[in-house]
Amino acid sequence: MSNRILIVGGGLTGLALAAGLRHRGVDPVVVEQAPVITEAGWGIGLSDPHIAALDRLGITDRDNWTRFRPDRHLMFDGDTGLLEAIRHETAMLFSRTDLQQSLYEPVADLVRTGIRPSALHDLGDAVEVEFDHGARETFDAVIGADGINSWTRRHVLGGPDATYTGVAIARFHLPNTDPALRTTALSLDSTGVLGYFLMDGGRKFHGIVMLPGEEDNRRELNVAELAALFPRVTGPLTAFKNLMSTNPKSYYANIYQVMVDEWARNRIALMGDAAHAMSPILAQGTGVGLQDAAVLAELLTTPDLPVPIALASYEKLRKPAAQAMQRASYEAGLQIGRKSAPTELFPEFITQDRPAVR
Ligand SMILES: Cc1cc2nc3c(=O)[nH]c(=O)nc-3n(C[C@H](O)[C@H](O)[C@H](O)COP(=O)(O)OP(=O)(O)OC[C@H]3O[C@@H](n4cnc5c(N)ncnc54)[C@H](O)[C@@H]3O)c2cc1C
């Protein structure tokens, strides 16, 4: 069991680990480079295993979270307008802000903002850390939860840089004025994906357009122009597409991923996007990071388990599942714009009301 643990990064997964450790009686130090802990107000899809990880982390007070579970998710072939699949085992959509607050509040006093490490020295039986404001401290373990461009991964473990997945995404919010609408939908055609989820208890559309191609492809298009790229949508996407003509503000991002061979070395390890940033197409990134946090918190607080053994065990337990999800997400992204059948995009996730995979 280790007592002095440094978590580099106060994003969702670093905070989750801090909360899980405190829940088990160990108070870590979290350093976050940003001057304040903030979170954008996007929705976040969490599946049942991710909710179970929150329970293991002691984040059980979720009654006041806004949430929405659709009654079904419709997947259309956008080239023909035909419904290709009806998915009932849908993830619950939460607010990222609710999740972030629930993770941050129990550990706010452990978080030091506006600080970055500048060097880590593995001394064998401890890690000496230099910070950019000049201080030095010694820790039993250092966990890099510092995101897709992780400093810990690149400067300490010599890990790879992130690479572009071949897909960009535009996201936007629109008000939903139809309280009876419980169905979410997406359409896939040779241009890309147009779809929406429902958040804030169903009062808001979280719209997405996924665009295969070079980095920054179609970045210049506004939401109304993006809608025009999908001429043949049917079903509930028809009204949604009409709403897009109101042209809400949108947020564009090229999607990157990073496949990391070495997650742990002696007393230093990676978690969350630092270890396995993946395409968001299957909406799994945070959830997989929460599962990392649950396992790490348990291993680092297990009596008589030396830190190097705990971290090597963590890599052994978590890496295969996380990398399988990365591969599934990447391969799903490769299908965008190439095949028009959503069943080929999400083959492992659709178990009913679907035609045979071609
Ligand atoms: C468009 C999009 C949609 C997504 N939708 C979903 C979804 O529906 N469901 C889902 O599960 N996942 C989703 N994801 C994935 C999810 O956003 C990420 O997996 C998750 O936020 C990763 O959290 P993290 O804490 O590991 O990394 P980050 O959120 O990147 O946090 C890293 C933190 O470390 C800090 N930091 C970085 N470097 C340093 C340093 N040197 N020193 C100190 N601090 C540092 C950063 O400031 C940041 O606060 C989506 C991602 C994208 C891009």
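In this text, all values refer to a predicted model and were calculated from it rather than measured experimentally.
- Formation of a donor-acceptor pair under 3.5 Å by the R24 side chain with backbone atoms of T301 is not found in this model.
- Remark: the backbone N or O of A145 is not paired with any side-chain donor or acceptor of T13 at under 3.5 angstrom.
- L194 places a side-chain heavy atom less than 4.5 Å from the side chain of V233.
- Summarising the geometry of I59 relative to S102, their closest heavy-atom pair is CD1-O, 3.7 Å, with the distance given to 0.1 Å.
- I268 and V307 fall into different hydrophobic clusters, where Ile, Leu, Val, Met, Phe, Trp and Tyr are joined by side-chain heavy atoms under 4.5 Å apart, directly or via other members.
- For the pair Q326 (side chain) and V258 (backbone), a donor-acceptor distance under 3.5 Å is present.
- Among all heavy-atom pairs drawn from P231 and K241, the shortest one is CA-NZ, 3.7 Å.
- Side chains of P70 and R182 form no contact here, defined as non-hydrogen atoms less than 4.5 Å apart.
- Clustering ILVMFWY residues whenever any of their side-chain heavy atoms sit less than 4.5 angstrom apart, transitively, puts V295 in the very cluster that holds L300.
- Side-chain atoms of N266 come within 3.5 Å of backbone N or O of G124 as a donor-acceptor pair.
- Closest heavy-atom contact between L243 and F205: CD1-CE1, 3.5 Å.
- For the residue pair H276 / Q257, no side-chain donor-acceptor distance below 3.5 Å is found, with atom types taken as modelled.
- Note: the hydrophobic cluster containing V30 does not contain I115 (ILVMFWY, side chain heavy atoms under 4.5 Å, direct or indirect links).
- Side-chain heavy atoms closer than 4.5 Å link hydrophobic residues (I, L, V, M, F, W, Y) into clusters, and following such links, possibly through other members, connects L299 to L290.
- Side-chain N/O atoms of D98 and T66 include a donor and acceptor closer than 3.5 Å.
- In this structure, R22 pairs ionically with D109, as a charged nitrogen and a carboxylate oxygen lie closer than 4.0 Å.
- Under a 3.5 Å cut-off, the side chain of N217 and the backbone N or O of L211 do form a donor-acceptor pair.
- Remark: Y252 pairs with no residue by the ring pair (Phe, Tyr, Trp, His ring centres under 6.0 Å) rule, at least two apart or across chains.
- Environment of CD in E128: crowded, with over 12 heavy atoms of neighbouring residues, nucleotides or ligands closer than 6.0 Å.
- Here the rule is side chain to side chain contact (heavy atoms under 4.5 Å, CB included) with L270, and of L157, D292, V156 only L157 fits it.
- Judged purely by atom type and a 3.5 angstrom limit, T234 uses its side chain to pair as donor or acceptor with the backbone of G81.
- Between F94 and the choices F197, F68, W65, the ring pair (Phe, Tyr, Trp, His ring centres under 6.0 Å) rule is met once, by W65.
- Salt-bridge check for E32 with R116: failed, with every basic side-chain N at 4.0 Å or more from each acidic carboxylate O.
- Summarising the geometry of S279 relative to S329, their closest heavy-atom pair is O-CB, 3.5 Å, with the distance given to 0.1 Å.
- For the pair R153 and V260, the minimum side-chain heavy-atom distance is below 4.5 Å.
- Between the side chain of N176 and the backbone N or O of G202 there is at least one donor-acceptor pair closer than 3.5 Å.
- In this structure, the side chain of N222 engages the main chain of E225 through a donor-acceptor pair within 3.5 Å.
- In this structure, the separation between CD1 on I148 and CG on D161 is 10.0 Å, given to the nearest 0.5 Å.
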Discussion item. As a quick check of understanding, evaluate side-chain contact (heavy atoms from CB on, under 4.5 Å) for N149 and D273, giving each step before the final call.
Written reply: CA-CA 8 Å; N149 296 313; D273 273 14; over 6 Å; no
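- Using bins of under 30°, 30° to 60° and over 60° for the plane-to-plane angle, the ring pair H173/H206 lands in the perpendicular bin.
- Using cut-offs of 30° and 60° for the angle between ring planes, the F240 and Y196 rings count as tilted.
- Across all their heavy atoms, A274 and G144 have their closest contact at CB-O, 3.5 Å.
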Discussion item. Evaluate L186 against H73 for side-chain contact (heavy atoms from CB on, under 4.5 Å), listing each step before the verdict.
Written reply: CA-CA 8 Å; L186 68 74; H73 186 58; 3.8 Å; yes
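- By the neighbour-count criterion of 12 heavy atoms within 6.0 Å, atom CG of D261 is sparsely surrounded, having that number or fewer from other residues, nucleotides or ligands.
- Between L188 and F76, the closest side-chain pair of non-hydrogen atoms is not below 4.5 Å.
- Listed here is the closest heavy atom pair of L57 and A297: CD2-CB, 4.5 Å.
- With W263 as the aromatic partner, R318 does not meet the cation-pi criteria of under 6.0 angstrom to the ring centre and within 45 degrees of the ring axis.
- The OG atom of S187 lies 11.0 Å from the CG atom of L74; values are rounded to the nearest 0.5 Å.
- Counting only residues at least two apart or in different chains, side chain to side chain donor-acceptor pair (under 3.5 Å) contacts with residues 51-62 comprise D55-R62, R56-E298.
- Linking ILVMFWY residues whenever their side-chain heavy atoms come closer than 4.5 Å, directly or via other members, leaves V142 and L17 in distinct clusters.
- In this pair, F131 and H133 present their aromatic rings tilted. The plane angle is within the 30 to 60° band.
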Practice prompt. Apply side-chain hydrogen bond (donor to acceptor under 3.5 Å, both in side chains) to the pair D146 and T152, showing each step before the final yes or no.
Written response: CA-CA 7 Å; D146 44 354; T152 314; 2.8 Å; yes
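- The closest side-chain heavy-atom distance from I5 to V26 is below 4.5 Å.
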Discussion item. Pair V127, H121 - check side-chain contact (heavy atoms from CB on, under 4.5 Å), show working.
Written reply: CA-CA 6 Å; V127 184; H121 306 288; 5.9 Å; no
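- Panel note: side chain T113, backbone P35; a donor-acceptor pair is recorded below 3.5 Å.
- One N or O on the side chain of T238 and one on the backbone of G235 form a donor-acceptor pair closer than 3.5 Å.
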Worksheet item: Would T138 and V129 count as a side-chain contact (heavy atoms from CB on, under 4.5 Å) if you check the C-alpha gap in whole Å, the side-chain angles of each, and the deciding distance to 0.1 Å?
Response: CA-CA 6 Å; T138 301; V129 182; over 6 Å; no
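- By the 4.5 Å heavy-atom criterion applied to side chains, P117 and W151 are counted as neighbours.
- With a 4.5 Å cut-off on side-chain heavy atoms, L93 and I44 do not count as touching.
- Between R69 and D48 a salt bridge is recorded (basic side-chain N to carboxylate O distance below 4.0 Å).
- Of the candidates T165, I336, I169, V167, I281 forms a side chain to side chain contact (heavy atoms under 4.5 Å, CB included) with just one, namely I336.
- Contact of the L6 side chain with the I143 side chain is not registered, since no non-hydrogen atoms from C-beta on lie closer than 4.5 Å.
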